[in-house]
Amino acid sequence: MTLSFGYLCNVPIRFLFPSGIIGTIGWLGYWGITQLGYGVFSASFVCSLILSAASYAASVFFKQPMTLFFIPGVVPVVPGINFYLAFRDLIQGNYAESGIIFLHTLYCAGGIAAGFVISSALFQIYNRLVAKIKRQIKTKISIKK
Amino acid sequence: MNNEKELLPSEHQEKHDELLINTALLAGKLLMESGAETGRVENTMEYILNNSAEYAGKGQTYVLLNSIFAGLDDLRTGFLPVVKRDYNLTKVMQVNQLSRDFSQQKLSLSELNSKLKEVQSCKMKTLTLSSVFFAALLATSCCLLQSGTWLDVPGSCLAGIVSYCIYHLTCNFLDLPFVSEFISTFLGGVAGYILMKLIGGNPDMIMLGAVIPLVPGIAITNSIRDLLSRHYITGMIRFLECILIATALALGVVAVYLLFSL
């Protein structure tokens, strides 16, 4: 599914397969956590943490922007279908059900977004730490010389 | 004579400013059109504007979902509207690469501008056999992931193909924002429903197939991401657009149900 969505998003063909693998990882994470009995929010939150870690690794490895892997990867988890279902129920008159699905969707989207924001904050901290350590090593080397 | 000599560098400067702002705007527009998030657009534009030492800290940007502003302190402000948005990650990658080259001084400003124009002139998505195949694959895999059975697969596959094709055709011919979604899900749903009558299966799953190529899932997530990163207006616009698109899709599907329950 990620593979096909990636193609529809015009991901360059040589990156299609890695993004497919990332999508699989994310979906497996989501599925596993929902099977363990946790709610949608926590499931999508953890899943987006996993996903962004994977896509960060891929973006470092291939030296490409992170969205290239994140957007196709997140597609299986993203609550697009639920959103549509909510409005379908609304039009058909099942107000209670539509409200539930709509809230579900919002939680899911919120979870993914929160996971992404937190993970990007973590990566910033990580990058700064790495840069600092590198600088310290350089100064040490220069002192030794 | 003396006066003229003094004038020339300032004119030159003005042209340079104009080019700088236009380039930044073009890069921002390309990124926005191909589905990058607002933070990335702003960052890239600020990189381009503040690249050279004399402009450091002078460039300012303001990015909305449908328009982009860029300015240099007291000098000049530029504006570009963004009309059509889509997901085209190749373009995001290319623009990213170009701006990275530019900030490492590998490219000059005019080169960057011409290369961005090249990227812009690349054709948008076209309807090819392989994209149709991948739309079918998308519908199939989504149907299976949403606990559909193999019996539902042909119907949803056909529905996905039909709705995807019709969406692209109507997008090119009609300039009506939400009508093309409605028409394409409706026709895709009709095709899938007829196939379902022949083979059998669950109609809900088949409607999923018709809807899935057009569903605004990523846009919802992006809108909440924008809200969390303090781009309130962009987030709200995205959210509203998602609601309208989802309503159009749902109307299309409900119209199919109505048609067949008559």
Side-chain angles (χ1 to χ4, degrees), chain A residues 1-13 15-16 19 23 27 30-31 44 48 62-72 74-93 98 102 105-118 120, chain B residues 34-37 39-40 86-93 95-97 124-125 130-131 133-142 144-146 164 185 204 207-208 211-229 242-243 245-251 253-254 257:
Chain A
M1 179 162 178
T2 305
L3 213 71
S4 46
F5 195 81
Y7 186 82
L8 293 184
C9 283
N10 278 345
V11 172
I13 289 186
F15 299 126
L16 261 184
S19 61
W27 170 253
Y30 182 79
W31 185 75
S44 49
S48 109
F62 292 108
K63 296 216 165 97
Q64 296 299 341
M66 199 171 141
T67 21
L68 196 68
F69 304 101
F70 190 77
I71 288 189
V74 87
V75 167
V77 191
V78 121
I81 297 164
N82 279 341
F83 204 59
Y84 137 76
L85 281 179
F87 280 91
R88 195 197 68 188
D89 282 349
L90 193 67
I91 292 169
Q92 285 182 331
S98 129
F102 188 69
T105 314
L106 276 191
Y107 276 146
C108 190
I112 291 171
F116 184 78
V117 168
I118 287 175
S120 60
Chain B
S34 35
E37 69 267 25
R40 175 181 293 282
D86 210 337
Y87 285 100
N88 188 340
L89 294 177
T90 310
K91 277 189 182 177
V92 175
M93 195 188 82
V95 174
N96 191 63
Q97 192 61 44
M124 292 295 277
K125 259 188 276 184
S130 52
S131 73
F133 168 73
F134 276 106
L137 196 64
L138 184 70
T140 308
S141 51
C142 175
L144 290 176
L145 280 183
Q146 295 286 325
Y164 183 77
T185 41
D204 286 346
M207 292 310 141
L208 276 190
V211 162
I212 189 67
L214 314 173
V215 116
I218 288 173
I220 301 169
T221 313
N222 270 345
S223 83
I224 293 188
R225 223 159 86 189
D226 281 336
L227 286 178
L228 285 181
S229 57
C242 291
I243 287 181
I245 290 177
T247 315
L249 295 180
L251 272 175
V253 169
V254 172
Y257 282 137

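All values below were derived from every heavy atom in this structure, side-chain atoms included, with hydrogens, water molecules and symmetry-related copies excluded. A note on names: the letters A, B, ... follow the listed sequences, proteins ahead of strands, and every chain is numbered from 1.
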(message) Is Ile245(B) in contact with chain A via its backbone, its side chain, both, or neither, using a 4.5 Å heavy-atom distance?
(response) neither
(request) Please look at Tyr84(A) and chain B and tell me whether the side chain, the backbone, both or neither of the residue comes under 4.5 angstrom of a heavy atom of that chain. (result) both
(message) Heavy-atom cut-off 4.5 Å, strictly under: side chain, backbone, both or neither for Leu106(A) against chain B?
(response) both
Give every donor-acceptor pair under 3.5 Å between a side-chain atom in residues 214-225 of chain B and any protein atom, sequence neighbours left out.
residue   : atom : partner   : partner atom : Å
Thr221(B) : OG1  : Gly217(B) : O            : 3.3
Ser223(B) : OG   : Ile220(B) : O            : 2.8

(message) Below 4.5 Å, heavy-atom pairs only: which of Leu251(B), Leu227(B), Asp226(B), Val211(B) has the largest tally toward chain A?
(response) Val211(B)
(message) List the residues meeting side-chain contact (heavy atoms from CB on, under 4.5 Å) with Ile243(B), not counting sequence neighbours, and say none if there are none.
(response)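 Ile243(B) satisfies side-chain contact (heavy atoms from CB on, under 4.5 Å) with Phe83(A), Phe87(A), Phe239(B), Thr247(B) once adjacent residues are dropped.
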